[in-house]
Each structure stands twice: as structure tokens, then as C-alpha cells.
Amino acid sequence: VQLQASGGGLVQPGGSLRLSCTASGSILSIDDMGWYRQAPGKQRELVATRARGGFANYADSVKGRFTISRNNAENMFDLRMNDLKPEDTAIYYCKAIITYYGGHTLVTDEFWGQGTEVTVSS
């Protein structure tokens with residue numbers, strides 16, 4: 001099982017980006033999912049999470065601007081980011097708790113994507 005994050009780039013303040021995280025492998029289900037970010041010189045922090053069938057949870061700094069959503073059919077989940085600010089500049093990582101077919105059993109484990117860079121600058 002692998003997670004692949006994509007969609008980062010350079011955007012001007014006030015602009016928008018959509019990050020996507022795609023899971024591949026013998027997946028039964030994506031349970032919890034989330035986006036985290038790490039700015040230069042700072043610790044990784046939570047941006048948004050969503051439990052399967054549950055409500056979304058957002059960092060205060062992104063509430064009202066970011067939306068986490070999932071596409072079960074495609075084993076994907078997105079982070080839509082609007083009204084981006086320079087302080088949103090960071091490497092964004094996706095994380096998911098995934099249940100997959102591991103040989104003759106079902107296995108539930110945590111996976112991280114490789115990170116995608118977002119730069120907000122004029």
C-alpha cells in the first residue's frame with residue numbers, strides 16, 4: 001500500500017490550490033485520513049482530519065479556508081485550500097489509516113504520503 005500526494009505549487013496570496021492523496025494497493029477501505037504540514041524550521045502540524053463517516057476537524061489557522069474531502073470510489077482524498085496566505089507555505093503530507101489485504105488476513109496500518117510543497121508568495 002502506498003499514498004501519493006500531489007497538487008502542490010507556487011500560488012499568490014489569496015489564491016487556491018487543491019492537494020490530492022491517492023492510495024494504491026490491495027485496499028479494502030480508507031478509514032481515518034488527514035493532512036499535515038511542516039514549514040521550514042517548524043514541527044509538523046495537523047491541518048485537517050476526517051474520520052470515516054465522521055466530521056472533519058481543522059486547525060484554527062485554516063478553518064473556513066480549507067476543506068478536506070474524500071472520494072471512496074477512487075481511494076482518494078483531497079484538501080481544497082482557498083484564500084491562501086504566506087504562512088500556509090509548507091510541505092504538506094497526507095496520512096491515512098488503511099485496511100488492506102495482507103496475505104490471508106486483513107491488516108490495518110498507518111501510511112504517510114511523500115509530501116508536496118506549497119509556496120504562497122507574490
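Numbers here simply count residues along the sequence, with the first being 1.
Comment: Asp83 does not engage Arg65 in a salt bridge, judged by the lack of any side-chain N to carboxylate O separation of less than 4.0 angstrom. Comment: Lys63 engages Asp60 in a salt bridge, judged by a side-chain N to carboxylate O separation of less than 4.0 angstrom.
One distance of note links SG of Cys21 with CZ of Arg70; it measures 11.0 Å at 0.5 Å rounding. Between the OG1 atom in Thr67 and the OH atom in Tyr58 there is a gap of 4.5 Å [rounded to 0.5 Å]. Taking OH of Tyr92 as the start and OG of Ser6 as the end, the distance is 15.0 Å to the nearest 0.5 Å.
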### Task
Evaluate side-chain contact (heavy atoms from CB on, under 4.5 Å) for Leu106 paired with Leu28, printing each intermediate quantity in order.
CA-CA 8 Å; Leu106 290 176; Leu28 176 65; 3.8 Å; yes
### Query
Could you walk me through whether Thr49 and Asp32 pass the side-chain contact (heavy atoms from CB on, under 4.5 Å) check?
CA-CA 7 Å; Thr49 61; Asp32 296 355; over 6 Å; no
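Follow the hydrophobic side-chain contacts under 4.5 Å out from Val107 and you never reach Ile97; the two are in separate clusters. No continuous path of hydrophobic side-chain contacts links Met81 to Ile91 [ILVMFWY only; heavy atoms under 4.5 Å].
Within the 3.5 Å criterion, the main-chain N or O of Val120 finds a donor-acceptor partner in the side chain of Thr89.
Taking each heavy atom of Ala5 and Gln114 in turn, the nearest pair found is O-NE2, 2.9 Å.
Side chains of Phe77 and Arg50 form no contact here, defined as non-hydrogen atoms less than 4.5 Å apart. Contact check for Val47 versus Leu79: side-chain heavy atoms found under the 4.5 Å cut-off. Looking at heavy atoms from C-beta onward, Leu46 lies in side-chain contact with Tyr36 at the 4.5 angstrom threshold. For the pair Asn71 and Asp78, the minimum side-chain heavy-atom distance is 4.5 Å or more. Two residues are said to be in side-chain contact when any heavy atoms from C-beta on lie closer than 4.5 Å; Leu3 and Tyr93 fail this criterion. Ser24 places none of its side-chain heavy atoms less than 4.5 Å from the side chain of Asn75. The shortest side-chain heavy-atom distance between Arg37 and Asp88 falls under the 4.5 Å cut-off. Considering only heavy atoms from C-beta on, Ser29 comes within 4.5 Å of Arg52 through its side chain.
Heavy-atom neighbours of Gln2 CD from other residues, nucleotides or ligands within 6.0 Å: at or below the threshold of 12. The number of heavy atoms from other shown groups lying within 6.0 Å of CD (Glu87) is above 12.
A donor-acceptor contact closer than 3.5 angstrom links the side chains of Asp31 and Thr99.
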